[in-house]
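Here's the structure we're looking at; comments come further down.
Chain identifiers are assigned alphabetically (A, B, ...) following the order of the sequence lines, protein sequences preceding nucleic acid strands; residue numbering begins at 1 within each chain.
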Amino acid sequence: MTSTDAASQNQKLLLIDGHSLAFRSFYGTPVDVFVNSQGQHTNAVHGFLSTLLSLIKSEKPSHIVAAFDLAGGTFRTEEYGEYKGGRAETPQEFLGQVELIQRLLEQLNIPSVTVERFEADDIVATLAKIGQQEGMEVEIVSGDRDAFQLVNDTVTVLYPVTTGPSKGIRRMDPAAVEEKYKIPPHLYPDLAAITGEQADNLPGVPGVGPGFAAKWINEYGNLDGIIENKEKIKGKKGEALREHLDDVLRNRRLNRLVDDLELPITLADAAEFGPRDPETLNELFDELEFRSIRQRLAEVFSDLAQAAAARIDISVESVQTIESAQEFSDFVEGALAAITAAERPVAVPERLARALVLYPVVDEDAAEAGNAHEQNLTGAVLLGGARAGWIKFAEIDAATEKALSDWLADENQKKIVFDTKLNVKSLAARGFRLAGVVEDPVLSSYVCGHVPSARRRFFEAMMEDLTDAYLRTEFPKAEVKESAQGELFSLEAEVDLEYVALVARYIQELAYALHADLAEQNQLKLYEEIELPLATVLAQMERAGIAVDSTVLAELKDHYNTFIKQATEEAYRLIDHEVNLGSPKQLQAVLFEELELPTTRKLKSGYSTDAESMADLLTRIDPDSKGAQFLLALQMYRDYTKLKQTVEGLQKATAEDGRIHTTFQQNVAATGRLSSTDPNLQNIPIRTEEGRKIRGAFVVDPRTVDGQQYSTLLTADYSQIEMRIMVHLAQDEKLIEAYESGEDLHRFVGSEVFGVAPEDVTPEMRAKVKAMSYGLAYGLSRFGLSKQLGIPVEEAAQLTVNYFKRFGDVGRFLRGTLKEAHQDGYTETMFGRRRNLPDLGSSNRARREAAERAALNAPIQGSAADIMKIAMINVAARLEAEGLKTRMLLQIHDELILEVAPGEEEAAAAVLSEEMSRAVELRVPLDVQVGSGTSWHEAGH
DNA sequence: GTGAAGGCTTA
DNA sequence: GTAAGCCTTCACA
């Protein structure tokens with residue numbers, strides 16, 4: 001193979017018929033969504049760029065050229081005045097968009113070629129020929145069928161289909177053309193000459209379509225052959241052909257593409273595409289008011305840049321074992337100096353230029369034996385650049401431990417830590433305090449929109465996913481070898497130093513890439529002022545846990561069990577046999593076959609047996625019937641089984657210290673909320689009296705631990721925080737006033753919507769507007785509202801109309817939120833937290849509408865989450881600053897639970913309610929309700 | 001053992 | 001209609 005062959009081997013030339021793609025994009029992208037504030041429509045520009053980016057990503061061209069038509073005549077109009085005549089006038093909204101596309105292409109360094117008196121097609125044909133001669137693969141993006149004549153083994157036409165079900169790019173290779181037209185591509189112009197081309201205003205032979213044209217071509221070889229044998233063609237169609245032969249010949253002259261034009265560019269000019277100057281490009285995007293697509297563009301081109309650059313090895317140079325205080329300080333100094341010296345794929349962000357990776361290493365054996373909520377540490381890896389140090393806790397003297405301890409607690413010694421919350425806990429268990437964490441990939445990736453799926457929340461999976469996404473390489477997995485017995489076991493019992501140091505190096509490179517992404521997305525503030533400090537607060541809460549009274553739990557379990565037994569026996573008696581009441585499948589057989597009850601809503605297989613369906617069934621059947629009695633027994637069985645399971649879960653989760661230590665997930669909820677697992681303490685029952693009893697088992701710790709006692713539990717919750725945020729964001733003066741006056745909001749809204757005095761608002765009216773108001777924050781539809789309230793859809797629709805008539809600002813706010821979300825592809829909370837919603841662009845209606853509801857809710861729910869997080873940080877800081885021993889234990893979205901030290905009751909209540917209500921200043925007051933008692937049940941009253 | 005389906009709890 | 005987590009059953013490895 002010669003060197004030229006090698007060079008051209010992977011070269012691919014992408015040719016774009018600019019006007020054609022612009023037009024296709026115009027009709028394939030909603031026109032009313034893409035308008036900038038100057039009133040310039042930009043939908044064609046957006047669609048064009050979007051297609052271009054997908055093509056660059058999927059086709060990986062080495063060269064790109066766009067060809068455009070010029071205004072004014074071409075050699076074709078000179079020959080035939082009506083060529084392309086009779087077209088509808090260009091839509092008003094399309095005007096100016098081609099110029100914008102050309103400016104965009106210029107910024108992307110993609111040549112836009114025009115030639116006087118010729119069309120874009122001719123330029124494309126010329127370039128296709130040149131590319132082919134150079135041995136390149138050629139792909140032509142064009143919605144003009146004339147381009148099909150260029151198709152051969154190395155030239156493909158990518159034909160955009162912008163509407164209909166088969167939306168996307170159709171790849172027209174020789175086989176595809178032949179399949180569609182039953183003739184080889186080079187004969188396509190012969191066929192088109194006969195049938196004519198409506199789009200070009202070229203009439204063909206009347207009554208002859210592509211079927212007959214193809215038949216003739218196959219019979220006589222080509223158009224010339226047909227003309228030679230024209231007398232042999234019989235019937236009306238033969239007659240019509242002979243009559244319109246001049247048209248056919250003219251069509252054939254006009255649809256022949258010219259492939260030997262003189263062009264103002266060479267192929268070399270097409271090879272250097274990519275953003276020219278980020279600032280100018282951003283200015284153009286600002287002008288277009290495009291947001292989300294910038295990210296896509298950056299991704300596409302950073303992929304290219306990374307693929308083009310030689311892959312940089314992520315490796316560790318040396319691992320030094322640190323055994324003395326002197327070695328420790330020498331190492332820290334050396335590692336800090338090594339940061340900038342190391343070779344790496346990503347530049348070091350300035351804020352991380354003097355930060356070392358801290359990677360505490362878990363003792364696997366001890367971890368399995370000990371309790372799960374704290375890891376047992378065997379030592380720690382420190383790393384700067386490619387230099388690693390290893391400190392084994394068991395093998396250092398007091399002076400070394402002191403040096404390490406001081407370094408960990410010094411907030412001026414900056415650290416990069418993967419999972420701050422976990423490591424603050426683990427280090428605390430060993431008596432170390434951790435401060436100065438400036439980067440945590442768990443949190444930065446979350447803020448950047450990376451929400452790990454439930455199954456990929458563990459360390460290795462996250463490292464794999466983030467390494468793939470940000471470093472474009474593979475994360476090396478821990479080695480697992482087979483033992484002689486064939487069992488799999490990890491070799492990490494004896495710490496594999498080389499490996500853990502390498503992991504630290506990957507954490508470092510991820511930190512750099514993620515931190516840069518944070519800065520780019522303008523989210524450093526949210527990250528540094530909320531998420532990072534919150535991690536330490538949460539670590540303290542998890543470490544504290546909440547005390548439970550195991551006697552109460554045991555009694556509750558017995559209590560619930562008696563009802564379960566009663567319900568089970570009653571159910572069996574009614575149907576004369578046993579059945580597993582926990583099995584929906586078996587229940588279906590009993591209810592709908594044996595008892596022949598009316599059917600409920602359909603599921604994938606069978607009919608629903610859920611509580612709502614059962615309640616509905618009860619209203620439809622004779623209350624004295626066997627069926628009704630069975631349903632009542634089932635309801636009781638379900639209610640009490642659920643409660644018993646909850647109690648059992650809590651019993652299992654109670655640690656040796658008599659407390660339950662939940663884990664707060666800080667990086668899994670799409671809106672910015674926390675979640676709680678192992679066990680979930682955010683869904684402890686409250687709505688029924690029987691369920692509420694479980695809250696009585698959560699108590700203030702009766703014991704004295706390390707000389708510390710506690711006297712009460714203190715709870716505080718925000719009242720109607722999401723409604724208040726909606727009113728604030730919508731700036732609805734009437735609702736703001738209602739909140740300021742301290743009036744019952746739903747009563748006020750009810751009086752407005754139903755046009756009665758506030759005192760005349762009935763409970764039904766109040767319930768309706770309350771559901772409506774909350775529905776708004778959930779992106780409600782009139783169908784959802786009608787179902788919720790059990791009223792006809794028309795009444796729900798009328799209610800909505802009346803609501804927005806009175807509170808127009810709320811409607812405007814919601815519409816504006818949706819429009820912005822569509823434009824940007826994401827929503828933002830008051831503090832700039834983003835939620836990406838790629839499904840807003842889905843062609844699947846159900847998915848799109850679900851994304852729209854999420855878009856309406858995310859800014860509201862997310863802002864509430866932000867506010868609570870700020871309050872938590874401030875509460876923790878105030879408690880510490882005032883030297884109080886009172887501590888925070890739980891957060892349940894809009895509620896905080898504190899354990900109060902004796903004598904601090906008043907001070908703690910003041911701190912809590914003050915910090916919660918002043919976490920943010922809104923146009924409406926943030927009411928906080930406080931309660932206290934010796935149990936959660938009592939405090940919640 | 002694993003994963004989906006169905007069901008239920010919270011804010 | 002939003003956002004979560006956890007339980008049991010059942011079919012499949």
For a quick check of understanding: with a heavy-atom distance under 4.0 Å over all strands, which category does A/Gly582 fall into, base, sugar-phosphate or nothing? sugar-phosphate
Side chain of A/Gln586 (C-beta onward), nearest among C/dC10, B/dC8, C/dT9: C/dC10
Separation of B/dC8 atom P from A/Gln635 atom CD, nearest Å, is 10 Å
A/Lys604 side chain near B/dG6 phosphate (N/O to OP1/OP2, under 4.0 Å): no
From B/dT9, C/dC7, B/dG7, pick the nucleotide closest to the side chain of A/Gln645? C/dC7
Between B/dT10 (C1') and A/Leu681 (CG): distance, integer Å: 11 Å
When rounded to whole Å, the CG to C1' distance for the pair A/Asn667 and C/dG5 reads 15 Å
Does A/Thr677 place a side-chain N or O at less than 4.0 Å from the phosphate oxygens OP1/OP2 of C/dA4? no
A/Arg845/A/Glu849 ion pair, N-O < 4.0 Å: yes
Looking across every strand, which nucleic acid part, if any, lies under 4.0 Å from A/Arg455 by heavy atom: base, sugar-phosphate, or nothing? sugar-phosphate
If the cut-off is 4.0 Å, is A/Thr609 near the phosphate of B/dG7, judged by side-chain N/O to OP1 or OP2? yes
Answer yes or no: is there a donor N or O on one side and an acceptor on the other, between the side chain of A/His937 and the main chain of A/Arg692, under 3.5 Å? yes
At under 4.0 Å, does any side-chain N or O of A/Arg601 touch on OP1 or OP2 of B/dG6? no
Please state whether the phosphate of C/dA4, meaning OP1 or OP2, lies under 4.0 angstrom from any side-chain nitrogen or oxygen of A/Asn683. no
Side-chain N or O of A/Arg638 less than 4.0 angstrom from OP1 or OP2 on B/dC8? yes
Would A/Glu852 and A/His822 count as having a side-chain donor-acceptor pair, cut-off 3.5 Å? yes
Counting any heavy atom closer than 4.0 Å, what does A/Ser676 reach on the DNA or RNA strands: base, sugar-phosphate only, or nothing? sugar-phosphate
At under 4.0 Å between heavy atoms, what does A/Ala771 touch on the DNA or RNA strands: base, sugar-phosphate, or nothing? base
Between the side chains of A/Gln665 and A/Thr677, is a donor N or O closer than 3.5 angstrom to an acceptor N or O? yes
C/dC6 P sits how many Å from A/Lys644 NZ, rounded? 19 Å
Hey, is the main chain of A/Asn857 close enough, under 3.5 Å, to the side chain of A/Tyr778 for a donor-acceptor pair? no
Report yes if a side-chain nitrogen or oxygen of A/Thr646 is closer than 4.0 Å to either non-bridging phosphate oxygen (OP1 or OP2) of C/dC7; otherwise report no. no
Look at all strands and tell whether A/Ser781 reaches a base, only sugar-phosphate, or nothing, counting heavy atoms closer than 4.0 Å. base
Which nucleotide sits closest to the side chain of A/Tyr778: C/dA4, C/dT2, B/dC8? C/dT2
Among B/dT10, B/dG7, B/dA11, which nucleotide has an atom closest to any side-chain atom of A/Pro685? B/dT10
Categorize A/Leu603 for me: base, sugar-phosphate, or nothing, with a 4.0 angstrom heavy-atom threshold over every strand shown. sugar-phosphate
Using a 4.0 Å heavy-atom cut-off, does A/Gln861 contact any base of the nucleic acid, only the sugar-phosphate backbone, or nothing at all? base
Distance-only donor-acceptor test, A/Lys585 side-chain atoms vs C/dC10 base atoms, 3.5 Å: no
Pi-cation contact, A/Tyr826 with A/Arg835 (under 6.0 Å, within 45°): no
Nearest whole Å is fine: how far is C/dG1 C1' from A/Leu814 CG? 13 Å
Side-chain contact check for A/Asn580: nearest option of C/dT9, C/dA3, B/dG7 is C/dT9
Describe the nucleic acid contact of A/Asp678 in one word from base, sugar-phosphate, nothing, applying a heavy-atom distance below 4.0 Å. sugar-phosphate
Between P on C/dT9 and NZ on A/Lys642, what's the gap in Å once rounded to a whole number? 14 Å
Please classify the nucleic acid contact of A/Gln788 as base, sugar-phosphate, or nothing, using heavy-atom distances under 4.0 Å. base
If we count only N and O atoms by modelled type, under 3.5 Å, do the side chains of A/Arg638 and A/Thr609 hold a donor and an acceptor together? yes
Base, sugar-phosphate, or nothing: which does A/Ile686 touch, judged by heavy atoms less than 4.0 Å apart? sugar-phosphate
Would you mind reading off the distance between A/Leu840 atom CG and C/dT2 atom P, rounded to a whole angstrom? 14 Å
A/Ala864 near the nucleic acid: base, sugar-phosphate alone, or nothing, with a heavy-atom cut-off under 4.0 Å? nothing
Quick one: is A/Thr671 getting a side-chain N or O under 4.0 Å of the C/dA3 phosphate, OP1 or OP2? no
Side-chain N or O of A/Arg687 closer than 4.0 Å to phosphate OP1/OP2 of B/dC8: no
Give a yes/no on whether any side-chain N or O of A/Arg853 is located under 4.0 angstrom from OP1 or OP2 of C/dT2. yes
May I ask you to say what A/Ala850 touches in the nucleic acid, namely base, sugar-phosphate or nothing, with a heavy-atom cut-off under 4.0 Å? nothing
So, are A/Asp610 and A/Arg601 salt-bridged, with charged N and O less than 4.0 Å apart? yes
Please classify the nucleic acid contact of A/Asn680 as base, sugar-phosphate, or nothing, using heavy-atom distances under 4.0 Å. sugar-phosphate
Determine the contact category for A/Ile860: base if any of its heavy atoms lies under 4.0 Å from a base atom, sugar-phosphate if only primed atoms, P, OP1 or OP2 are that close, otherwise nothing. nothing
